[in-house]
*Asks:* 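Next up is a structure, given as structure tokens.
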Amino acid sequence: MQPRVLIVTNLFADPWNPSRATFNQQQFERLAHKLDVSVLVPVSWMSVLRRPFAYRRLRRAAVERWPFVDYVIFWYVPGIGRRLHAACLFLSLLLQRMPTFLPRRWDCVLASWGYPDAVAVSAATWLTGTPFVAKVHGSDINAFALEPARRAQIRWALNRAHHVVAVSQALAARLGEIGVAPERTSVLYNGVDPRRFHPVPQPEAKQALGFETHERIVLFVGNVQASKGCAELLEAFAALAARMPELRLVYAGAGPQTSALQSKTGDLGLDARVRFVGRTPHDQLVRWFGAADVLCLPSHAEGVPNVVLEAMACGTPVVATDVGGISEVLPAYAGVMVPPRDVSALEAGLFTALHAEWDRERIVRHAASFDWDDNVSRLESLLRDAARSETNK
């Protein structure tokens, strides 16, 4: 009989965004072939309240797509600070899914996100005595642990975990800095699916997306928000555009900064050269990577973003900021690293990348080393080890 594993995470497809956290979708779907997996996804009550009928309809569609997934409403008090969110999530889980937690139906529980998910799950499993594994990704540690109250909660939770999975060496080091025992931590880089992300002929990809073959494309993929460096990217592009009339910029994603960037684009007179294509289904990104001359990810903070791995799997060079674990996966022959929040450095890095001769086949071979099968096998081993610790008591 396969170990029964409950995964609690806000990082998964939700009723409004089926492409949310595709790295977890890919990992957990593969894990479900090896273990008896169920996924519980907290959804903000404010989102549900704004569109209650849409939530019910979209939730049914999501559960049809992901039969091992359930959704729970995350009740919290807005405006009082995030330091109480873990307590609110803990109560939300127990009050709505008490039968799920209390009878110890699971051999192991995995929380994928440091705060509030891992803290709430740590408290719930403390009540039931169920083994607990945590997976952390980036800003859940790098940003949230800067605040003392949340740092203390994260440290308590992760030091209760049987294993802590970090997506980069840099993140594992940061865990040690905030007081998480190093012997608990394992580094598992995310993988990339070569069946979905692979080289495609660039002229054909450009033509299919409405570009001329002579146009040069800088591509951004992700949440369009300040912390992703989207404003700095537009400034750097504007400076380059004056020297490179064939240059185009594409934002593939949605987020709170979209309207402001669109307005700024108009002010700069670049409406014809900047495209905002909105949230793009994951299985359609291969064409965008294929059309792009360079992927740019100028984030202020990161773990190891899968978009970098996916771009490299398509043979596309990357310009990214030297934050988190990006330097661990992006060698000099695959891209250019620049400091964060530095528009001049970003402009120079893009110029260098756009005028370099890249060995795209070598980039693809490098990306192939980030293998989902190996990642999932190692995660399975950690979960089985945690489950055995309960059996052996």
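Being a predicted model, the structure only gives us computed values, none of them experimental. When a residue number appears, it is its place in the shown sequence, counting from 1.
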*Asks:* Using side-chain heavy atoms (C-beta onward) and a distance below 4.5 Å, is D374 in contact with R378?
*Replies:* yes

*Asks:* Cut-off 3.5 Å, side chains only: do R184 and H163 have a donor facing an acceptor?
*Replies:* no

*Asks:* Give me each pair satisfying ring pair (Phe, Tyr, Trp, His ring centres under 6.0 Å) with a member in residues 292-335, each pair once, sequence neighbours excluded.
*Replies:* Y333-H366

*Asks:* Taking the six-membered ring for Trp, are F197 and H282 ring centroids under 6.0 Å apart?
*Replies:* yes

*Asks:* Does the Lys NZ or Arg CZ of R275 fall within the cation-pi geometry relative to Y251 - under 6.0 Å from the ring centre and within 45° of the axis?
*Replies:* no

*Asks:* Check the side chains of R196 and Q284 for a donor-acceptor pair under 3.5 angstrom, ignoring hydrogens and angles.
*Replies:* no

*Asks:* Please determine if R83 and E147 form a salt bridge, counting it only when a charged side-chain N lies under 4.0 Å from a carboxylate O.
*Replies:* yes

*Asks:* Nearest 0.5 Å, please: how far is CD1 in I73 from CG in L95?
*Replies:* 12.5 Å

*Asks:* Output the distance between atom CD (E215) and atom CZ (R273), rounded to the nearest 0.5 Å.
*Replies:* 9.0 Å

*Asks:* Regarding E302 and S299, do their side chains bring together a donor and an acceptor under 3.5 Å, going by distance alone?
*Replies:* yes

*Asks:* Starting from the C-alpha separation in whole Å, work towards a yes-or-no answer on side chain to side chain contact (heavy atoms under 4.5 Å, CB included) for Y55 and R51.
*Replies:* CA-CA 6 Å; Y55 170 71; R51 300 173 61 194; 5.7 Å; no

*Asks:* If we count only N and O atoms by modelled type, under 3.5 Å, do the side chains of T265 and D271 hold a donor and an acceptor together?
*Replies:* no

*Asks:* Measure the CD-CD1 distance between E177 and I141 for me, rounded to the nearest 0.5 Å.
*Replies:* 11.5 Å

*Asks:* Judged by modelled atom types alone, do R30 and N375 share a side-chain donor-acceptor pair under 3.5 Å?
*Replies:* no

*Asks:* Looking at F237, is R248 sitting on its ring face, NZ or CZ under 6.0 Å from the six-membered ring centre and within 45 degrees of the normal?
*Replies:* no

*Asks:* Between L234 and L268, is any pair of side-chain heavy atoms under 4.5 Å apart?
*Replies:* yes

*Asks:* Are F12 and W66 an aromatic pair by the rule of ring centers under 6.0 Å?
*Replies:* yes

